Amino acid sequence: MLVDTRIAALLACFAAGCGGVSVRSEGCPAGARCAGGGASGGRAAAQGVSGADVTGGRGQPDDGDASGHGGKAQSGAAGGMNPSGGTSRGGAMAQGGALSSAGTESAAGAPENEGGIAGSPSGGPLSYEVLASDNGVAFVSAPGLAHLSEAVRVTDGRGAPVRWYAHADRDWLSVTTEGSAGEELVLTADPGGRSADQVAYATVTLFSSPDGAASDRIRVGLWVTSEEPPASANVVETAQWLVTDPIRPYAYVDDGGADIRVYNVFTGHLERTLPGVAAALGSLTVSSDGSRLFAADLAQSEVVSIDLDRSNSGSSWTLESTDPGDLTYARTRGHGIVVAGTGSFYDADSGALLAPSFRGGGSGIVAIDASLDGTRLCRIDRGSAYDMECYALDFDADSGLEVGAAVVGESIGDWGVGSNGQDIALSVDGSLAFVASGSPYNFRGYDSSGAVVSILAGDAYPNNIEVTDQGVTLAGASVSYGPADVWLYGPDGSLLASHKMSPSMHTLRPRQLKASGDGTRLVALTDEPTLAIVTAVP
């Protein structure tokens, strides 16, 4: 069979590891970072937890350049993106040390070597002719616990390209080098030789043709530790809001004050505090590639954008209402959007209010979620009786964000059908919407027509629902007594595991059950108050 000479040259280029420059004449895609080899070195700082309880966090030293720079950036690499527009909020955040500007990061957050995360959002324009369904992937390697391979579906951006090509910029990460639109790109990490208790980073670049420019990028984090993570850990924590990082082993929490605390989900330790983010923090959400954390500032009626690659605040923008309720992030056709529970969409880069809207609620009376692939958004009233609506999402360079007509779920309001709505979550591809409500005592899955097609068992009273990047459904209930308050279901609806994450006589906080980016650890806020952490499937 004849092979296109450009494709042969491309694969040879990838195998050999070209220099970090464009070599279009030799068949390597223009703009590709073909340099192989992962960053190495750094300090091992094991932070294992003995026993089940961690009663206090541990502050971290002010290591490294607070801007997050570990030295000069590599060719083609970049740190974080400070979104354009809005009012600069820099300054107070600069005490905590960088979260991830270097190719490797120690447990304390100090940069270990020069260079940024190649392909971070400011790493150059993307065409999105082919698009990854998930642009942030986390791996972990620990004694007794590992997640080192994951598949990401690659889709055709607008119906023209039929093939895609992929390249990883670190030699510890192997990927499917090419495929057809609709097929999966498999990423596999090799932890051998990685420094313990650090995060290593890599970028996978997608191309729509062998000699084309970058089409999309996937950011990858690998956490390697020499200590076996405790099966469970409980940290005294008064936080009200929780979100986990899609590429790093971190959970971000706030208690309505000015600071955001960062916990390691494998050790339970307090990694650092991001001080002075806002006068009165509200809900949190994070971009799907782990580059930015968005926090509601209730005192100023703003959203603050935090650059996680440099651990400093970037810009802020004004909200249409004092309290936006839940915030969620959607990546639609590669375009980042922050969605507020009040029914508004905001451009994640500039903070500009986008024209479409949906039927939200004042003072956060609705729960919202968007599918990982950004094709669908759903909302549920947090009340009795609840109602729910789902909307198709699309983005066009000319017309901007497009929101389809609402699809309404089954008739809500009949006793025993759905009362006291609490939470909603979408499957990775948006084909299913799962609901947690005080009644009935189970978790219902709705298809795109609004019909109930799945019922997952639970207990009184359901108040949390989440779907991981790996397609596992996390269902949680406000159970004061009983053997379990969290259940894990596989994509086929089979029960994988159950846990009691809240202490006896205490319950899970509504909508505060999350999974780590790699899906191996569960994190929840309880009313004890604690931050509870367990291994997802023992």
Side-chain angles (χ1 to χ4, degrees), residues 133-134 242-244 285 326 328-330 339 341 366-383 385-393 406-412 416-479 484-499 501 508-515 519 522-524 536:
S133 60
D134 183 5
L242 161 71
V243 70
T244 49
T285 191
D326 290 355
T328 196
Y329 178 88
V339 189
V366 301
I368 54 174
D369 189 43
S371 60
L372 183 62
D373 68 358
T375 60
R376 198 171 179 220
L377 172 80
C378 292
R379 55 161 288 283
I380 180 176
D381 287 340
R382 297 212 312 262
Y386 76 75
D387 66 356
M388 63 166 287
E389 291 179 342
C390 293
Y391 311 85
L393 298 181
V407 175
V408 181
E410 68 177 357
S411 176
I412 308 300
V417 172
S419 61
N420 193 21
Q422 292 290 310
D423 201 2
I424 194 165
L426 285 150
S427 60
V428 172
D429 63 359
S431 61
L432 289 177
F434 293 95
V435 166
S437 63
S439 171
Y441 304 154
N442 52 43
F443 304 87
R444 297 193 167 209
Y446 298 82
D447 67 11
S448 58
S449 71
V452 175
V453 294
S454 174
I455 297 180
L456 305 176
D459 202 348
Y461 302 93
N463 66 351
N464 277 273
I465 194 75
E466 186 84 2
V467 178
T468 73
D469 293 359
Q470 297 76 31
V472 174
T473 301
L474 316 179
S478 176
V479 180
D485 57 4
V486 173
W487 301 265
L488 282 72
Y489 292 96
D492 61 354
S494 60
L495 179 65
L496 303 178
S498 61
H499 300 275
M501 295 190 68
L508 299 176
R509 290 186 178 275
R511 301 175 307 287
Q512 305 306 315
L513 170 65
K514 309 294 179 183
L522 306 184
V523 188

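Owing to the predicted nature of the structure, the values given are computational and were not obtained by experimental measurement. One is the number of the first residue; the rest follow in order along the sequence.
To the nearest 0.5 angstrom, L488 atom CG is 5.5 Å from H499 atom NE2. Interatomic distance, L377 CG to L426 CG, rounded to the nearest 0.5 Å: 7.5 Å. If you take OG on S431 and CG on D373, they are separated by 9.0 Å, rounding to the nearest 0.5 Å. If you take CD1 on I455 and CG on N442, they are separated by 5.5 Å, rounding to the nearest 0.5 Å. Put simply, CG on L508 and CD on Q422 are 11.5 Å apart, with the number rounded to the nearest 0.5 Å. Note that the CG atom of L372 and the CD atom of Q470 stand 9.5 Å from one another [nearest 0.5 Å].
For the pair I465/D369, no side-chain contact is recorded, criterion being any heavy-atom separation below 4.5 Å from C-beta on. Contact of the M501 side chain with the D485 side chain is registered, since non-hydrogen atoms from C-beta on lie closer than 4.5 Å. Residues V453 and L432 form a side-chain contact, since some pair of their non-hydrogen atoms from C-beta on lies under 4.5 Å apart.
The shortest non-hydrogen separation linking V467 to V428 is CG1-N, 4.4 Å. Between A497 and L495, the shortest heavy-atom contact is O-CD1, 3.5 Å. Among all heavy-atom pairs drawn from G471 and P491, the shortest one is O-CG, 3.5 Å. Closest non-hydrogen pair, F443 versus G458, comes out as CE1-CA, 3.6 Å. Contact record, G450 with V407: N-CG1, 4.0 Å, taken as the closest heavy-atom pair. Of all heavy-atom pairs spanning A536 and G519, the tightest one is CB-O, 3.6 Å.
Checking D423, T473, L474 one by one against F434, the side-chain contact (heavy atoms from CB on, under 4.5 Å) holds for a single residue, T473. With respect to L513, the side-chain contact (heavy atoms from CB on, under 4.5 Å) criterion is satisfied by exactly one of L242, V523, N464: N464.
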Just do the side-chain contact (heavy atoms from CB on, under 4.5 Å) check on R379 and D387 with the steps written out, would you? CA-CA 8 Å; R379 55 161 288 283; D387 66 356; 3.3 Å; yes

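The aromatic rings of Y461 and Y441 sit perpendicular, their planes meeting at an angle over 60°, well past the 30° parallel limit.
Of the possible donor and acceptor atoms, one in the side chain of T285 sits under 3.5 Å from a partner among the backbone N and O of Y329.
For R376, the salt bridge (charged side-chain N to carboxylate O under 4.0 Å, His left out) test picks out no residue, with sequence neighbours left out.
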